[in-house]
Amino acid sequence: MKRKKLLVVGNGMAGIKCVEEILQLAPELFDITIFGAEAYPNYNRILLSKVLQGEHALQDIILNDWSWYEQHGIRLLAGQPVRHIDTKRRFVETASGLRETYDTLILATGSSPFIPPIPGTDKEGVISFRTIDDCEKMSEMSKVYRKAAVIGGGLLGLEAARGLLHLGMETQVVHNAPYIMNRQLDRVAADMLQRELESQGMQFHLAKNTTRIVGRTRAQGLRFMDGTRLDADVVILAVGIRPNIELAQRSGILTRRAIVVDDFMKTSDPNIFAVGECAEHRGVSYGLVAPLYEQGRVLARVICGHEAEPYNGSIPSSQLKVSGVDVFSAGVISGEGVETAIQHYDAVRGTYKKVTMHNGKITGAILYGDTAEGAALLGFVKRGAEISELLPREDAASPAEAAAEALPDHETVCACNRVSKAAIIQAITDHGLKSAEEVKAHTQASGSCGGCRPMVVGIVQYMQSSRTKEKPQKQKEVGTPAEAPVCDCTVHGHSSLKQAITDALNHGCRSISELMSHLGWREAGGCTICLPVIRFYLEMAGAVIDDEWAAASKAHNQVSYSGQSYYQGVRIQIDDGEASEPVAAGIRRIGEWLHMSWQDVTLPYPVSVGVSHRTGSSIGILVQGIGISASPAGWEVYFGGHAEHPVHEGQLIGVAEREEDVVRLVSACLQWYRQNGLYDEPLWSWVERTGVITIRENVLDDEMQRELVGNLSRRSLKAQVG
């Protein structure tokens, strides 16, 4: 099949994350060409300040080196900014006159530094802080000049100032607000941060409005609205960013503040998509890594033809190290109706914690000095948890360990790379990891912005503590007991193999043979026992299970994948006898919807579903894998029943009022089982291992339920039940 031509304009973090997801989903679908304005491969822009501060070399912040593009057959045109898009004839043209046609075009043009309307910004010695070249200019200037002024007291400005201090310059920070980082912090946290930075050598001029940059041909200082002046040889502009939309505007694509996109990242042109800082979704453009990566994952599924849950926006959060100090901020921390729920200030330890609420529900949080609780608090903010959930525990250990223990296993720790607490625990257990660096190497957690590192450290500490050893049941919940190998071909048991396959895919394995080699398979071709298991875990890890995979597997071992070796669908029984016509019609609709939604979806083990008008029905609602019974309150959903030895009675998961709500709830339960169950593990056994309370907490949470339903790999419930 002839490959489609995919062009990506932009070689930054958002665009390349989307390309990585495409390679994971459909590596043979596109011929990919990437245009980059800079003459470098993809690098981590967030870590530029670390380069400036001397903590990293340029090579340390490269995310995908030149060989990565070559390995994946990607044509990278570095230093070739695109100047024109012909949307009718579907081609782009670079500044040098190079033309390339496309079937699909992704705009990932990012943003540029905002240049404030201050006279003198064009003078020599005035630069912004956004690229590797900017870092090199600042470094060169520090060899000649001594005094620097940074306009902007936000995160970027403070990081630039810290870098200038490292370069030996006298550094003044000028900010137009009464305290620094006023968008992310409150006055208390900002004052703590300012005192720390002053101890490092920074000086601050707050509530100052710059009216001009003085000097004839090069910068010599700043003039303020109050008439005062500040001498400076170098002026750094760090007052914000503006989305790069000129290319889209010239091409007739709808723009406002940024390039307007819908919930599937599509622009006003059906063949052109936008992702990252240049995109405006529901009136918001994001400048943080996690939302951009979330957009990239949605877009990859869309253009690969997979069912995709719409992008619904993100809750802004920052969990970063500002000039050596850990700072976390998330959600709404001030405004009408927002109250302070929890506030702790420890001057001895230099820590601060503030949690805000509205009508008893958590809306935002600030942490300073110790951000181990950041991931947990972000989870509370996202789901609008009751403030009562943050009441202190009597048996709490150290703050980091307590935060790690309190964080639910399914919760995301590393939003940039989508690594959950459970995945980190699994990696620690399977590989005997002892440090956050080892966890990063195996899972990528903390490998992008680094903001989640305190929580990763806390999880490592928790897993090494005696408190964990005293709780064998906790180990059981995350699937970490010693396991028998899947077969004689490998030393891996089911849970360790499941995580190992995910790790192998992240390390670039793209075929059965590469996977087996990476995992140290004893038999190169595998066997009839392990090949179906591998295939199942590959699909659960997001790899594309298509004819090519099946052909490759068959060539290895001549194994047929028919029969019971690969489970699909659910077995549905209905009993509408003696029911009123409305209830009987509802029973039939539920059965039909579940059949349509799940008939082709792979499961760890066959699942029986019974739908009836009463629990005492002849089909045995309480001994079905999933039992659905009409009740005065709506429909009761039972989970984990088993009619044969050992007999298990299904547990009540929840009550749904409408038929479509039943299907969503059941589908969320089944998807949670798919994602977390082991191959050949019956539903009743998985329910017993996981615990019905844990299952309820996940599938009854509105946000989690939407995510689970949206994760169906073969079809979307949206088309079935709206």
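Keep in mind that the numbers below use all heavy atoms, side chains included, and drop hydrogens, waters and symmetry copies. In this text the structure is predicted, and so the values were computed from the model without any measurement.
Residue Q675 qualifies as enclosed at atom CD: its count of foreign heavy atoms under 6.0 Å is above 12.
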V284 and E280: side chain to side chain contact (heavy atoms under 4.5 Å, CB included), yes or no, with the steps?
CA-CA 5 Å; V284 179; E280 179 181 325; over 6 Å; no
Using the salt bridge (Lys or Arg N to Asp or Glu O under 4.0 Å) rule, take E659 and R664 through it: C-alpha gap first, then chi angles, then the decisive distance, then the call.
CA-CA 9 Å; E659 295 145 19; R664 286 196 182 91; over 6 Å; no
Test K421 against I459 for side chain to side chain contact (heavy atoms under 4.5 Å, CB included), laying out the working first.
CA-CA 8 Å; K421 175 187 172 184; I459 294 174; 3.9 Å; yes
Kindly determine whether D263 and R282 satisfy salt bridge (Lys or Arg N to Asp or Glu O under 4.0 Å), including the steps that lead there.
CA-CA 8 Å; D263 290 351; R282 301 184 186 178; 2.9 Å; yes
In sequence, state the C-alpha distance, the side-chain angles, and the governing distance for I366 and F328, and then conclude on side chain to side chain contact (heavy atoms under 4.5 Å, CB included).
CA-CA 6 Å; I366 297 171; F328 168 84; over 6 Å; no
Can you list the steps and then say if L292 with V275 is a side chain to side chain contact (heavy atoms under 4.5 Å, CB included)?
CA-CA 7 Å; L292 311 188; V275 67; 5.9 Å; no
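For the residue pair Q671 and W598, the shortest heavy atom distance occurs at N-CH2, 3.8 Å. Closest approach of G296 and C18 over heavy atoms only: O-SG, 3.6 Å. Nearest heavy-atom pair, I501 versus Y537, reported as atom, atom and distance to 0.1 Å: CD1-CB, 3.5 Å. Considering every non-hydrogen atom in both L700 and Q705, the closest pair reads CA-NE2, 4.3 Å. Counting all heavy atoms, side chain and backbone alike, R696 lies closest to I653 at CG-O, 3.7 Å. Residue Y679 comes nearest to H494 through the heavy atom pair O-CE1, 3.5 Å, listed as atom of the first residue, atom of the second, then distance.
With contacts defined as side-chain heavy-atom distances shorter than 4.5 Å, the pair V611/Q573 does not qualify. For the pair K354/I333, no side-chain contact is recorded, criterion being any heavy-atom separation below 4.5 Å from C-beta on. Side-chain contact check for V439 versus V460: some heavy-atom pair is nearer than 4.5 Å. F536 has its side chain out of reach of L678: every pair of non-hydrogen atoms, C-beta onward, lies at least 4.5 Å apart.
Side chains of R706 and N312: no donor on one and acceptor on the other come within 3.5 Å. With 3.5 Å as the limit, one finds no donor-acceptor pair spanning the side chains of H281 and Y286. In this structure, a donor-acceptor pair under 3.5 Å is present between the side chains of Y638 and E636.
In this structure a side-chain-to-backbone donor-acceptor pair under 3.5 Å is present from R301 to E307. Side-chain N or O atoms of R571 include none that pairs as donor or acceptor with a backbone N or O of V607 at under 3.5 Å. A donor-acceptor contact shorter than 3.5 Å links the side chain of S329 to the backbone of Q184. Under a 3.5 Å cut-off, the side chain of T443 and the backbone N or O of A445 do form a donor-acceptor pair. Without hydrogens or angle criteria, T356 side chain to E339 main chain gives no donor-acceptor distance under 3.5 Å. Without hydrogens or angle criteria, S496 side chain to G493 main chain gives a donor-acceptor distance under 3.5 Å. Looking only at distances, no side-chain donor or acceptor of D701 sits under 3.5 Å from a matching main-chain atom of E697. Distance alone, capped at 3.5 Å, is enough to place a donor-acceptor pair between the S667 side chain and the V663 backbone. Formation of a donor-acceptor pair under 3.5 Å by the H358 side chain with backbone atoms of G337 is found in this model. One N or O on the side chain of Q295 and one on the backbone of G276 form a donor-acceptor pair closer than 3.5 Å.
By the side-chain hydrogen bond (donor to acceptor under 3.5 Å, both in side chains) test, D575 is found to be paired with S617, residues two or more places apart in sequence or in another chain being considered. Take H442 and apply the ring-ring contact (aromatic ring centres under 6.0 Å, His included) test, not counting sequence neighbours, and it matches H431. Not a single ring-ring contact (aromatic ring centres under 6.0 Å, His included) links F273 to another residue, sequence neighbours left out. Listed by chain and number, the residues in a side-chain hydrogen bond (donor to acceptor under 3.5 Å, both in side chains) with E657 amount to none (sequence neighbours excluded). Judged as a side-chain hydrogen bond (donor to acceptor under 3.5 Å, both in side chains), and not counting sequence neighbours, S685 has no contacts.
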If you look only at distance, which donor and acceptor atoms sit under 3.5 Å apart when one is on a side chain in residues 621-630 and the other is two or more places apart or in another chain?
from : atom 1 : to   : atom 2 : distance (Å)
Q624 : OE1    : S608 : OG     : 3.0
Q624 : NE2    : I619 : O      : 2.7
S629 : OG     : T615 : N      : 3.3

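A salt bridge does not link E389 to K361: none of the charged nitrogens lies less than 4.0 Å from a carboxylate oxygen. A salt bridge links E20 and K17; the closest N-O separation between the charged side-chain nitrogens and carboxylate oxygens is under 4.0 Å. Ion pairing between E373 and K353 holds under the 4.0 Å rule for side-chain N and carboxylate O.
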